[in-house]
Amino acid sequence: MAGIEIDDTTADALRALADAAGLPLDAYLAQVAEEKRRERALTEGAEIFRPVTGDPDTVAAFDAEYGAPPRPAPRAA
């Protein structure tokens, strides 16, 4: 991975994931990056959408179709 330095354990894990997906490492990383961009766009869209509607049925239908955004973990007191 030219220009990026990562530890050997992480590099080995990424290569194993790429191999399991049947892709060269660079193609696998490009795929993961695109998936993460889509996830971020969906999360941002959901964050914009939620204040626009207060209708619980609409929100439930949206979550059923696209998935609910991750909820923050509860903080310890």
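Values reported hereafter were calculated over all heavy atoms of this structure, with side chains retained and with hydrogens, waters and symmetry mates removed.
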Q | salt bridge (Lys or Arg N to Asp or Glu O under 4.0 Å) partners for E34, two or more places apart | A | R37, R38

Q: Go through the structure and list residues passing side-chain contact (heavy atoms from CB on, under 4.5 Å) with D8, not counting sequence neighbours.
A: none

(Q) What I'd like to find out is whether the side chain of I6 reaches to under 4.5 Å of the side chain of L14, using heavy atoms alone. (A) yes

Q. Can you name the ring-ring contact (aromatic ring centres under 6.0 Å, His included) partners of Y28, sequence neighbours left out?
A. none

Q) Going from NZ on K36 to OG1 on T43, what distance comes out if it is rounded to the nearest 0.5 angstrom? A) 9.5 Å

Q.
Determine whether R40 and E44 satisfy the following criterion, side chain to side chain contact (heavy atoms under 4.5 Å, CB included), listing intermediate values before the conclusion.
A. CA-CA 6 Å; R40 184 176 56 220; E44 290 171 359; 3.4 Å; yes

Q. Once you round to the nearest 0.5 Å, how far does CZ of F62 lie from CG of L42?
A. 5.5 Å

Q: Would you kindly confirm whether I4 and V32 end up in one hydrophobic cluster when ILVMFWY residues are joined by side chain heavy atoms under 4.5 Å apart?
A: yes

Q: Heavy atoms only: give me the nearest A18-L25 pair and the separation to one decimal.
A: CB-CA, 3.9 Å

